Structure formats: structure tokens, C-alpha cells
Amino acid sequence: MSLTHLIAAGDILNALRWVACPSSALHLYSLLRLRLRPSDSFCFAWRAAVFTLKPLSAAASLPLLSHFHGHLLRSNLLAHPHVASSLLHSYSLLSPAAAHQLFDQIPPATCNLYVLNVMLASLCRSSELDSARAFFDDLPDKDVVSWSTMLACYFSRGRLADGLALFRSVTFTTDIAVDYFMLATLLTACTSAGLLSPFCRAVHGYVVRGGLPASMHLGTALIDCYAKAGCLDYATRVFARVPNRNVMHWTAMICGMASHLRNNEAVQLFEEMCQRRVQPNEITFTAVLSACVNAGLVEKGREFFKLMVDDYCIEPNIHHYGCMVDLYAKAGLLEDAYEVIKTMKMEPNVIIWTSLLAACKKFKNLEIAVEGMEKALALEISDENAGLYMLISDLYAMGGRWDDAMNIRRLMEEHNVWKNRGLSSIKVDGPQGLSSAAVS
DNA sequence: ATAGGGTTAG
């Protein structure tokens with residue numbers, strides 16, 4: 001009797017693990033609560049609470065979360081550190097202020113290192129870097145998670161020197177073993193900061209000596225880092241050694257090939273990925289479509305776009321549409337390009353209009369140009385759109401509509417916008433930020 | 001195995 005109800009409770013708990021919808025999760029949770037007897041292990045109750053919190057925070061509903069918070073308080077489950085850290089984590093993703101408020105109410109007996117690390121991560125995402133660092137310095141104990149959270153914080157905010165100094169501290173002044181989580185953190189941070197090739201090789205050496213690649217995330221980070229550094233042969237080598245390549249590995253590799261204009265290899269990789277039944281995602285398609293654009297592979301691009309929509313049921317986003325417009329426009333297929341714009345489910349952006357109208361100018365197709373221009377003029381005048389406005393002025397002039405052309409120029413002068421002035425916003429963050437230097 | 005830090009584009 002008691003055994004059957006325990007099995008049933010276990011099944012519900014298992015189901016709760018994989019549920020994604022918040023209302024189903026809450027439903028299963030209350031079902032489970034009804035089955036639990038006082039004699040049941042307390043472990044059941046807190047695990048159920050933790051599993052329920054995941055879909056709740058994914059649903060991004062603060063009212064739902066605070067409702068469940070009330071229940072956790074009343075049932076005294078919040079005294080359990082697992083529950084407290086999970087709830088704090090959920091809050092921190094939705095409202096850092098609410099997370100801070102909750103943190104202040106957690107009693108010392110519950111506030112273990114897990115809870116403190118969640119709070120540190122929350123501060124790293126939302127607060128001044130210095131207050132996160134002060135919190136880190138005040139931690140009574142620090143484990144590998146505390147250190148890598150703080151490291152990622154420095155790197156993600158572009159504080160390379162501080163990040164590297166902290167990395168030196170953890171390696172030289174503590175007994176903490178650098179794990180693959182931390183390496184992936186470092187690698188990702190350094191990749192986006194443009195600190196590429198030497199660092200990547202160092203981490204790779206560390207990984208090889210450790211007899212890896214054991215971690216899927218680290219494999220992706222290594223491939224991406226080598227690819228961004230221009231070391232595509234190294235990226236390929238790492239890629240070949242990953243045992244169970246997932247969509248991330250394939251996508252990182254395809255992006256790498258596409259961004260270095262090795263378009264045919266990008267297309268080949270994509271086709272091989274599909275043959276091996278690895279499901280491409282929207283980013284994979286962005287990469288392979290841009291390879292098609294760069295190589296002028298119109299038919300391949302058309303085929304892949306259709307594959308994405310019909311076979312993989314991926315709703316095209318603005319990048320996908322942008323690739324298709326560019327693909328057709330560059331090939332002089334202006335009707336096809338304009339057709340894509342007409343079927344888009346969102347407003348075309350400046351990139352898309354520029355692509356179409358530049359091709360209209362090049363191929364001297366004023367018919368489509370006139371239709372497009374009328375709509376493109378709805379975009380507000382700004383430095384970013386200056387190039388588009390110049391193009392429209394040129395097209396008017398080409399069609400002999402000098403007054404309209406002059407009007408556009410006058411409008412630009414009135415709004416004081418000039419082509420290329422947007423370039424002054426290019427980010428300059430010191431010598432390490434210059435990726436072109438790091439590529440060599 | 002079981003809570004907290006990491007992965008792909010623009």
C-alpha cells in the first residue's frame with residue numbers, strides 16, 4: 001500500500017523533471033504534495049519544489065514565482081538550501097532587485113555556498129562590477145564556481161587585465177583545480193574580447209594533457225575560438241576529435257568556415273550534418289545561407305531556405321530573410337528578392353532595403369526600385385540609415401527625378417546626417433581588442 | 001546522477 005503510493009510519487013517527480021509548461025508543473029506539484037505523507041522522505045518535497053521552479057522562471061512570470069514563493073515559505077521548504085538557492089536563481093533571472101530582497105531574508109543556517117554563489121552571479125549580471133567584487137571578497141569560502149563566476153564577470157565586461165589577474169590568483173594562490181567549466185568560461189570570454197590564438201592554444205594544451213575532450217561546451221568554445229582566430233585547421237582538428245558532435249559543434253564549425261569565406265566547405269559541412277541526422281537550428285541556417293550568399297550559390301540557398309521552413313519547421317527570422325534578399329539581389333534576380341520582402345512577416349530593416357536598392361541601382365531596375373524606395377523611406381533618417389538615403393537619392397537621379405533626389409539630400413542636411421559617420425562608434429578597447437592583429 | 005558558474009550568428 002505505502003509502496004505503491006511511493007512509486008506513484010516517484011513517477012510524478014520524474015515527470016516533473018521534464019515538464020516545461022509552468023501550469024503543468026504546478027499541477028504535477030500539487031498532485032505530488034497530495035500524495036506525500038508525513039512519513040515520506042523530506043527529500044521528495046524539496047526536489048519537487050526545485051523541479052517546479054525551473055519552468056516557472058522560464059515562463060518569466062514574476063507573479064507566478066512570488067505565488068510559489070509564498071507556498072515555499074508557508075511549508076517551511078525555503079529553509080532547505082537547495083530550495084533557497086533555486087528560488088534565488090529563478091528570481092535573479094527575472095528581477096535582480098527581488099533576488100536581493102530575498103537574499104536579505106535568508107537565515108544564516110540556510111545560506112550556504114550554493115546560495116552565496118547564486119547571489120554572486122546575480123550581482124555579476126546586474127550590479128556594478130565593484131560591488132560584485134566586494135561580495136566575492138567577503139565570501140567566507142570560495143569554490144571553483146565562485147571563482148569562475150567572478151572571472152566570467154570581468155571578461156564579459158571587457159576587464160581583461162583584471163580577469164587575467166584573478167586567473168593568476170586562482171591558479172597560484174589557491175588549491176582550486178581549474179575545471180572544464182572554468183576553462184570554457186575563460187575561452188568564451190577571451191574569444192569575444194579578441195584575445196584569440198595564443199590563449200586558445202594554451203587552453204587546448206591544458207585540455208589535451210587532461211586527456212579530453214570530455215565536455216561538450218568546452219569543445220564548442222575551442223572550435224569557435226580557433227575559428228575566430230583564423231586557425232581553421234586547428235578548429236577542424238578539434239571538431240574531428242569530439243566524440244558525439246551536437247548541433248553546437250557543427251554550427252560553430254560552419255560559422256567559422258562561412259566567416260572566412262570558405263563557403264563550399266561550409267555548405268559541405270552543413271550537408272554532412274543533415275545526413276548524420278543532427279538537427280540544424282536557426283543559427284546553423286544563418287551561417288549556411290550567408291555562405292551561399294558569399295559564393296553566389298543561388299539554387300543551394302533556395303533549397304536550404306525551403307528545407308529550413310518545410311522540413312525543420314524553423315520560422316525564418318530577419319537574418320534569414322536578409323540572406324535570401326541579398327542572395328537574389330546580388331544575382332540580379334530582383335523580382336525574387338522583392339518577393340522575399342513581400343512575404344516577410346516582419347518589417348524589413350535597413351540592411352535589407354540597402355541590399356535590394358543597391359542591386360536595383362547596379363542592374364538599373366527602376367521599376368522595383370520605385371516600389372521599394374517608397375517603403376524604405378518609412379525608416380527614420382539617422383546616421384545608420386544615411387547610406388540608404390544616399391542610395392535612394394541616386395536612384396531618383398537615375399530615373400531623372402531630380403527634384404526628388406534633391407529633396408532627399410536636403411532632408412539629410414536638415415537632419416545633419418552623413419554617410420559613414422556611424423563608423424565613429426567602432427569599439428576600441430585597447431591593443432588586445434584588435435582582432436586583426438591577433439589573427440596573424 | 002540529484003542546487004550554483006560555461007557553448008553556436010548579427
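In what follows, chains are A, B, ... by sequence order, proteins preceding strands, each numbered from 1. Treat the numbers as computed from the prediction; the structure is a model and nothing was measured.
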Any donor and acceptor pair, going by atom type alone, linking the side chain of [X] with main-chain N or O of [Y] inside 3.5 Å?
X         : Y         : result
Ser131(A) : Ser127(A) : no
His320(A) : Asn317(A) : yes
Ser66(A)  : His69(A)  : no

Taking the side chain of [X] as its heavy atoms from C-beta onward, which of [options] lies nearest to it?
X         : options                 : result
Met248(A) : dT8(B), dG5(B), dA3(B)  : dT8(B)
Asn112(A) : dA3(B), dG6(B), dA9(B)  : dA3(B)
Val50(A)  : dG10(B), dA3(B), dG5(B) : dA3(B)
Met182(A) : dG5(B), dT8(B), dA3(B)  : dG5(B)
Ala121(A) : dA1(B), dT8(B), dG5(B)  : dG5(B)

Under 3.5 Å, is there any donor-acceptor pair linking the side chain of Thr149(A) to the base of dG5(B)? no
Considering only heavy atoms and no angle criterion, is a donor-acceptor pair shorter than 3.5 Å present between the side chain of Asp143(A) and the base of dG5(B)? no
Between atom [atom1] in [X] and atom [atom2] in [N], what is the gap in whole Å?
X         : N      : atom1 : atom2 : answer
Trp18(A)  : dT2(B) : CH2   : P     : 12 Å
Met216(A) : dT7(B) : CE    : P     : 16 Å
Phe239(A) : dT8(B) : CZ    : C1'   : 12 Å

Sort and list the pairs that fulfil salt bridge (Lys or Arg N to Asp or Glu O under 4.0 Å) and have at least one residue in residues 246-262 of chain A, not counting sequence neighbours. Arg262(A)-Glu265(A)
In short, salt bridge (Lys or Arg N to Asp or Glu O under 4.0 Å) pairs touching residues 276-293 of chain A with sequence neighbours left out are Glu272(A)-Arg276(A)
Between Leu327(A) and Leu297(A), which heavy-atom pair has the shortest distance, and what is it? CD1-O, 3.9 Å
DNA chain B-proximal residues of residues 59-72 of chain A, any heavy atom under 4.0 Å: none
